[in-house]
Visitor: 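Once you've had a glance at the structure underneath, I'll fire off some questions.
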Amino acid sequence: MVGRRRAARSLLQIANAASRHPTASPSFPRPASLPEFTAQQSQFASRSGALLGPILSRSFRAAATESRPALRGSPVASAAGLATGRWLATAATAPGQLPWYGRYVGYTILLGGSAILTYYYYPHPQRGARVAQPSLAPDEHTVTNWSGTHSATTRVYVQPESLEELEEVVKLAHEHGQRIRPVGSGLSPNGIGLSDAGMINLALMDKVLSVDEKTKRVRVQAGARVAEVVESLRPHGLTLQNYASIREQQIGGFIQVGAHGTGAKLPSVDEQVVSLKLVTPGRGTLDLSPEDGELFYLARCGLGALGVVAEVELQCVEAHRLLEKTTVTNMKQVKRNHKKWLQENQHLRYMWIPNTDTVVVVQCNPLKEGQVPKELSPKYSVEERLRSARALYKEMGAKYLPKDESHESHDVQGTKNPQVESGLWSGTAAGSRDPLGHLSDEELNSLTFTELRDKLLAFDPLNPALVNRVNQVEADYWKKSEGTRVGWSDEILGFDCGGQQWVSETCFPTGTIQKPNMQDLKYIEQVMSLIKKEGIPAHSPIEQRWTARSQSPLSPSFDSSPDSIYSWVGIIMYLPTTDEKQREAITKSFFDYRKSTAHQLWDTYGAHEHWAKIEVPENENSLEWVRERLRHRYALEKFYRAREELDPKNILVNDVISKLLPQRQTEVIRA
């Protein structure tokens, strides 16, 4: 019953958004005893009332909405505001004459009313407290991606609880031309699932529907998270074939953007899909499998633009433990062993440390039946591994932070701060906008390496000298972390990505598993050379992974040859501050970094960005350059034909899809 009521509210949202109309307000007649104005008074009052009436009406409603939550959305407040404003405008235009004191009474009422409205309209924070941002209206929802780089606020945010509710919502949205962009866990760096016009989220459709131990397949609702699916498979002795770095993705979003793990013999995750249920605006609900040919493969990695994925059937494998081996080496040794490592390891990952000759090599392989390997813990304790990072923090603290924390430079009430005035950074990874403060030894010792890295970079994240020092500390940390460990595949393959960040990840062909062409290492060499030549404050690591080809036409690793392998390389800049100006500076620096790699490397290597990491250019020429590369890489005509059939009114797209993949020049609908 609760689900039905929620569905009804969701449908009402769409209906209201699709056909908004002015709400009638109760009449507020002018009292019959009101004296008549003179002609001069009438003319003056007419102009004043026509101007002040609407303003007071808007102010009253704004006050009720923003300053007093108890009045928010109140029909009484809204009606009173409208009625007061309209009465003033009406009364002001009425002919007649007021007594000599009438105008002064009117002025007094206006001034008093303005004072009252001013009191209610402006917030009154407690002394010393930070002023909160205005609250959203009751029916508004804001969704922000994990890195805090993209967000959307909408009045249409639908969360169906069943297939029937989902079908009803999609049908009604299609009828009204109301956009409902599918959004998952909000993890995509480019906000590919976000839309101000409207969103639909399947978080309440998160059931594991069936597990077939014989065929090793699992059927789940698309809102189920990867971690939940893995836990449900554990009692059956099964697991997923591969994993990305994190496990909080919803399965629907996981497959739709062509997410991937690592392993030259393992494809991206869309290849695990053996069938799916797609709810489309144009053709209703479709059950798709390989027998449906081209449409099935398009829909597996369909970017949420062909329909809302409701259910997915995945091919699993037997649960297995992995032996992970972590070593630190250099480019010369990698070149000597690269082909062998690609062929012999089920999972392989490199982490390159910019401006050093250091690369962290992580190799993972299943344990053979009965094999009991000896785990080789790192030779160094956690304390020893983190010692150089902690020492650098103290050194930088002495340089960047005032010795006396009570000094006026820490006054955030308006006095000058020498650190800020000289260009130093005041944001912290902990989220404070106050100047950086000294961490106690207890606080410092409680941080992991990735947390420490954020604290270090927060001192001056665009200073190449400091960034290089931090990278050297990271190289030292990994050198002291060499060793092996054993665990279940889902535990081993996940890793800590660090804090909020900008990231650009490209995918390009690198030969076959039998004959790797070594282009992947040449690509890294050119990135490293570019960083050094342009003095880029490149944060660490530059991560490199591999997958087998995908048969999904929109996958970056799509290839007709079953032996082809693809390399995925990600460059990164962290956002260790919440200060908007500082984040803007990091953002600009990152996009300059990305632009350099794009124009100097992408065409040479046939590299294309991960769908969840393509940022839409603001410049029209740059946008057209991206579009042309996409047209050259992907079978977009097939994709466009499928969109015309399955979503003829384009209700499932957002600005990212519309701008990168403009189906028609006139692709505009009512949002």
Side-chain angles (χ1 to χ4, degrees), residues 6-7 9-21 23 58-59 61-69 71-74 77-78 121 123 130-160 169-170 172-173 176-204 223 250 252-253 257 303-305 308 431 433 500 502 575 578-581 583-584 587 612 614-616 618 650-660 668-671:
R6 183 180 285 108
R9 287 197 298 272
S10 299
L11 297 175
L12 185 59
Q13 275 186 304
I14 293 177
N16 287 339
S19 54
R20 302 225 179 250
H21 58 82
T23 303
R58 288 196 300 270
S59 299
R61 283 181 288 169
T65 300
E66 295 182 21
S67 301
R68 290 294 178 266
L71 295 177
R72 189 181 299 132
S74 166
S78 180
Y121 184 77
R130 294 173 61 184
V131 178
Q133 295 297 321
S135 301
L136 295 173
D139 58 343
E140 285 186 331
H141 301 267
T142 294
V143 181
T144 303
N145 71 336
W146 169 72
S147 284
T149 53
H150 294 275
S151 66
T153 298
T154 181
R155 291 180 179 272
V156 181
Y157 189 80
V158 189
Q159 289 187 296
V169 166
V170 172
L172 185 61
H176 288 277
Q178 169 63 48
R179 281 189 173 170
I180 47 168
R181 175 66 180 158
V183 61
S185 303
L187 296 172
S188 297
N190 68 346
I192 194 172
L194 304 181
S195 173
D196 291 328
M199 290 176 277
I200 184 166
N201 183 288
L202 302 193
L204 302 180
Q250 290 182 15
V257 296
L303 311 180
V308 182
R433 291 184 59 133
Q500 290 190 339
W502 282 109
L575 293 160
T578 58
D579 185 277
E580 288 304 318
K581 290 185 178 179
R583 290 174 73 96
E584 287 174 8
T587 297
I614 301 179
E615 296 293 339
V616 179
E618 296 180 359
N650 297 311
I651 69 167
L652 299 176
V653 301
N654 62 355
D655 286 345
V656 175
I657 301 300
S658 295
K659 291 180 179 180
L660 294 178
V668 179
I669 70 167
R670 180 164 54 113

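No hydrogens, no waters, no symmetry mates; every other heavy atom, side chains included, goes into these values. The structure presented is a predicted model; accordingly, all values stated were derived computationally and were not measured.
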Visitor: What heavy-atom pair brings Arg583 and Leu575 nearest, and what distance separates the two atoms?
Guide: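 Shortest heavy-atom contact: NH2-CD1, 3.6 Å.
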Visitor: In Å, rounded to the nearest 0.5 Å, how long is the span from CG of Leu660 to CD1 of Ile614?
Guide: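 The CD1 atom of Ile614 is 5.5 Å from CG of Leu660, to the nearest 0.5 Å.
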Visitor: Distance check, rounded to the nearest 0.5 Å: Ile651 atom CD1 versus Ile180 atom CD1?
Guide: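 Atom-to-atom, Ile651:CD1 and Ile180:CD1 are 4.5 Å apart.
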Visitor: State the OG1-CZ distance between Thr153 and Arg155, to the nearest 0.5 angstrom.
Guide: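 CZ of Arg155 is found 10.5 Å from OG1 of Thr153.
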Visitor: Can you name the nearest heavy-atom pair linking Val257 to Leu303, along with the distance?
Guide: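 Heavy atoms only, the tightest pair is CA-CD2, 4.4 Å.
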Visitor: Of all the heavy-atom pairs spanning Trp146 and Gln500, show the shortest one and how long it is.
Guide: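 Between these two residues, the closest heavy atoms are O-NE2, 3.3 Å.
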Visitor: I would like to know whether Val616 and Asp655 meet side chain to side chain contact (heavy atoms under 4.5 Å, CB included); could you show each step before the answer?
Guide: CA-CA 9 Å; Val616 179; Asp655 286 345; over 6 Å; no
Visitor: Going by the rule side chain to side chain donor-acceptor pair (under 3.5 Å), which residues pair with Ser147 if we only count those two or more places apart in sequence or in a different chain?
Guide: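 With sequence neighbours excluded, Ser147 shows a side chain to side chain donor-acceptor pair (under 3.5 Å) to no residue whatsoever.
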Visitor: Got a second to check how far Gln159's CD is from Leu204's CG, nearest 0.5 Å?
Guide: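 These two atoms lie 4.5 Å from each other.
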Visitor: Looking only at atom types and distance, does a side-chain atom of Asn654 sit under 3.5 Å from a main-chain N or O of Ile192, one as donor and one as acceptor?
Guide: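 Yes; at least one donor-acceptor contact below 3.5 Å.
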Visitor: Indicate yes or no for a side-chain donor-acceptor contact from Asp196 to the backbone of Thr154 under 3.5 Å, with no hydrogens or angles considered.
Guide: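 Not confirmed, Asp196 side chain does not pair with Thr154 backbone.
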Visitor: Show the nearest heavy-atom pair for residues Ala612 and Ser188, with the distance to one decimal.
Guide: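 Looking at all heavy atoms of both residues, the shortest contact is CB-OG, 3.6 Å.
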Visitor: Checking the side chain of Gln178 only, and the main-chain atoms of Ala197 only, is there a donor and an acceptor separated by less than 3.5 Å?
Guide: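 Judged by distance alone, yes, a pair lies under 3.5 Å.
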Visitor: Taking Asn145 for its side chain and Thr149 for its backbone only, find out whether a donor-acceptor pair lies under 3.5 Å.
Guide: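 A pair under 3.5 Å: yes.
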Visitor: Distance from Tyr157 atom OH to Asn201 atom CG, nearest 0.5 Å?
Guide: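 Answer rounded to 0.5 Å: 3.5 Å.
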Visitor: Is there a donor-acceptor pair under 3.5 Å between the side chain of Arg181 and the backbone N or O of Leu652?
Guide: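 The answer is yes, because a donor-acceptor pair under 3.5 Å joins these two groups.
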Visitor: Check whether Ser185 reaches the backbone of Gln250 with its side chain - one donor and one acceptor, N or O, closer than 3.5 Å.
Guide: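 Pair found, side chain donor or acceptor close to backbone of Gln250.
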